[in-house]
Amino acid sequence: MLSDSPALMHISQLLISLTLLTPGATALVVNEHDVTKEQPHIVLALVDDWGWRDGPAALRPGNGLVTPTMDRMVVEGVTFNRMYAFRYCSPTRSSILSGRLPFHVNQINLKNNQRGGGIHRNMTTLADKMKTAGYTTHLVGKWHAGMSHPRLVPGARGFDESLGYLAGSEDHWLHTDGGPTCGSKNKTAACCVDMFNTTQPVLDAKARYTGVYNGFIFTERAVEIIRRPRTAPMFLYLAWHNCHHPMQVPDGWEELYPAATYPTRRTYQAMVSFVDAALKNVTTALGEAGMWDNTVLVVSSDNGGPSLTDLDTSNNFPLRGGKYSLFDGGMRINFFVGGGYIPEAQRGRTVDGLAHVTDLYATFCALAGVSPEDSNRGVPNVDSVDIWPLVTGANTTSPRMELPLSIGPPGDDGCSDATGPSSAGRSGALIVGRYKLIVGTTCPAHWAGPDSPNGTAESPFMHKCGDGCLFDLLADPGEHKDLAADSAHAATFATLQERIGVLREEVFQTPYDASPMTPEECASPGVRGVLESGVWAPWQ
């Protein structure tokens with residue numbers, strides 16, 4: 001129990017009005033009154049850099065993680081066993097919000113001091129769709145879907161309100177990210193706080209939030225939104241910074257795990273448990289507000305966990321690779337659906353059909369009663385398909401047989417640090433049925449052990465597939481046996497090679513420019529305002 005631990009004492013000291021659970025408390029608070037089954041409240045909780053093996057203990061027996069709230073949700077919800085995302089952050093978020101697969105919207109991670117990217121302005125966002133259906137729309141936490149121009153921030157992309165940071169990461173306590181690339185040799189300035197409220201920067205963020213863990217800030221805001229009186233259904237997109245580096249967690253949480261565990265791994269595990277406790281606050285608030293019975297709550301990762309990269313903190317066992325990789329450890333993710341809106345007869349089920357996080361777009365539109373169609377000039381059509389029938393059991397076969405996961409260019413193959421310039425222009429991964437084709441070079445390519453990101457046997461960091469590696473994911477989920485040279489699979493290999501060639505011709509990337517800021521930009525009012533205030537804001 002942590003009732004007297006420094007972690008909970010720290011909450012009191014910071015005057016944060018959260019009641020984070022102790023590990024032993026597991027019951028979901030549910031209001032029993034009758035509610036309509038039309039237009040449910042929808043909550044999407046996105047966990048950052050959450051590894052496969054680091055999912056709920058109920059899904060990954062023996063992983064040693066303390067996740068009582070998630071365990072209960074798994075038992076009372078529906079789990080997707082073959083859910084995929086992109087290999088890293090921004091493309092996944094752009095995909096969810098646009099309804100396009102990453103290769104049809106964005107395959108690039110950009111920083112605040114870079115231009116464009118994210119979701120094309122001609123694409124209708126998921127928040128826009130929810131507003132059309134009469135929902136109030138709220139974003140809390142990480143955005144990472146475009147910020148250099150006022151037209152790219154959450155308040156301009158369909159959200160009634162938002163509170164969070166615009167970039168891909170920040171210090172959990174100081175809320176700082178790099179600054180504009182101005183000054184000597186275009187080095188990044190030693191600033192700035194990244195905290196944004198709908199359409200405006202939080203100019204007093206340093207005074208208000210410095211020293212307050214962002215997990216507290218985001219969870220408190222989410223709970224406050226849920227508790228408001230409402231006359232319309234709610235769409236809440238809650239994107240925690242946990243478990244992304246830097247590895248930081250409030251005092252006391254590491255006490256849940258053995259001191260013998262190496263430091264960054266122990267902190268990472270504690271960050272997962274913090275998310276579990278934060279999620280408890282959300283479910284409790286939904287119950288106390290009388291909303292739980294009419295809520296769909298999706299909990300998902302944005303990519304595989306960092307293993308042999310980004311401080312080597314997560315574990316994707318038994319999958320191969322990790323964040324940035326074209327192997328399943330980089331893209332097959334933890335994903336489950338909870339809430340009282342799920343038919344009682346379906347609770348506790350696992351769906352084995354193929355799916356992608358972009359399918360949340362069409363699924364949420366269907367639940368809200370609005371068409372997902374978004375055929376606008378100059379951009380690809382929506383790729384998303386409705387997977388709610390898989391949740392309800394109305395359909396036991398996935399509507400997806402083909403899934404382009406990553407189609408270069410552009411992108412990052414994860415090998416740049418090891419090999420120099422990225423080879424991502426040729427790299428890619430495609431699933432058709434039970435088979436997966438990987439082309440080009442990808443990293444990391446190792447196999448972890450069950451208890452550590454590092455396996456007990458030596459395995460490669462880099463793997464060169466050249467014109468292609470072929471794997472049978474159903475027979476070999478760990479991607480150990482390359483079937484590309486097996487004559488029995490020659491026809492399948494050739495078909496997938498031809499198909500990925502066709503898909504390369506379809507790649508659409510929202511325009512971006514990652515070059516350093518020009519002297520003219522550094523002298524502009526937008527950039528000068530960021531430097532003078534020390535707080536990030538759109539600067540173009």
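What you see below is based on every heavy atom in this structure, not just the backbone, and it leaves out hydrogens, waters and symmetry mates. Please read all numbers here as calculations on a predicted model, not as lab measurements.
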ask   = Just checking, any donor-acceptor pair under 3.5 angstrom between side chains of His138 and Tyr237?
value = no
query = Side chains of Asn106 and Ser90: donor-acceptor distance under 3.5 Å anywhere?
reply = yes
request  = In plain terms, say whether Asp177 and Lys111 are close enough for a salt bridge, that is, a side-chain N and a carboxylate O under 4.0 Å apart.
outcome  = no
inquiry  = Is the shortest side-chain heavy-atom distance between Leu360 and Phe335 below 4.5 Å?
reply    = yes
note = Those residues at least two apart in sequence (or on a different chain) that pass disulfide bond (SG atoms under 2.5 Å apart) with Cys469 are Cys465
ask   = Thinking salt bridges, do Lys481 and Asp486 make one under a 4.0 Å N-O criterion?
value = no
message = So Asp328 and Tyr84, do their side chains get closer than 4.5 Å, heavy atoms only?
response = yes
query = Going by atom types only, do Arg87 and Ser406 share a side-chain donor-acceptor pair under 3.5 Å?
reply = yes
ask   = Applying the side-chain hydrogen bond (donor to acceptor under 3.5 Å, both in side chains) test to Asn214, which of Glu170, Gln248, Lys142 qualifies?
value = Glu170
ask   = With the threshold set at 4.0 Å, does a side-chain nitrogen-carboxylate oxygen contact exist between Lys323 and Asp48?
value = no
ask   = Any salt bridge between Arg93 and Asp302, counting N to O under 4.0 Å?
value = yes
ask   = Is a side-chain donor or acceptor of Ser95 paired with a backbone partner of Arg100 at a separation under 3.5 angstrom?
value = yes
task = Check whether any side-chain N or O of Glu521 sits under 3.5 Å from a backbone N or O of Gln540 as a donor-acceptor pair, and report yes or no.
result = no
request  = Answer yes when Asp374 and Lys129 have at least one side-chain N-carboxylate O distance shorter than 4.0 Å, and no when they do not.
outcome  = no
Donor-acceptor contact present, side-chain His172 to main-chain Pro246, <3.5 Å = yes
task = Could you check whether the rings of Trp50 and Phe336 sit parallel, tilted or perpendicular, using 30° and 60° as the cut-offs?
result = perpendicular
Glu161 with Arg221: basic N within carboxylate O range, under 4.0 Å = yes
message = Can you list everything that forms a side-chain hydrogen bond (donor to acceptor under 3.5 Å, both in side chains) with His104? Sequence neighbours excluded, please.
response = Asp383, Glu506
remark   = Contacts of Arg265 meeting side-chain hydrogen bond (donor to acceptor under 3.5 Å, both in side chains) (sequence neighbours excluded), chain-then-number -> Asp54
ask   = Within the side chain of Thr510, is there an N or O that forms a donor-acceptor pair under 3.5 Å with the backbone of Val105?
value = yes
message = Please report the interatomic distance OH(Tyr435) to CG(Leu430), rounded to the nearest 0.5 Å.
response = 14.0 Å
task = Answer yes or no: is there a donor N or O on one side and an acceptor on the other, between the side chain of Arg320 and the main chain of His480, under 3.5 Å?
result = no
inquiry  = So, taking the atom named CZ in Arg115 and the one named CE in Met147, what distance separates them when rounded to the nearest 0.5 Å?
reply    = 12.5 Å
ask   = Would a distance-only check, ignoring hydrogens and angles, find a side-chain to backbone donor-acceptor pair under 3.5 Å from Asp49 to Gly305?
value = no
ask   = Regarding Thr441 and His463, is there a side-chain donor-to-acceptor distance under 3.5 Å anywhere?
value = no
inquiry  = Using a 3.5 Å distance criterion without hydrogens, assess whether the side chain of His356 forms a donor-acceptor pair with backbone atoms of Thr358.
reply    = yes
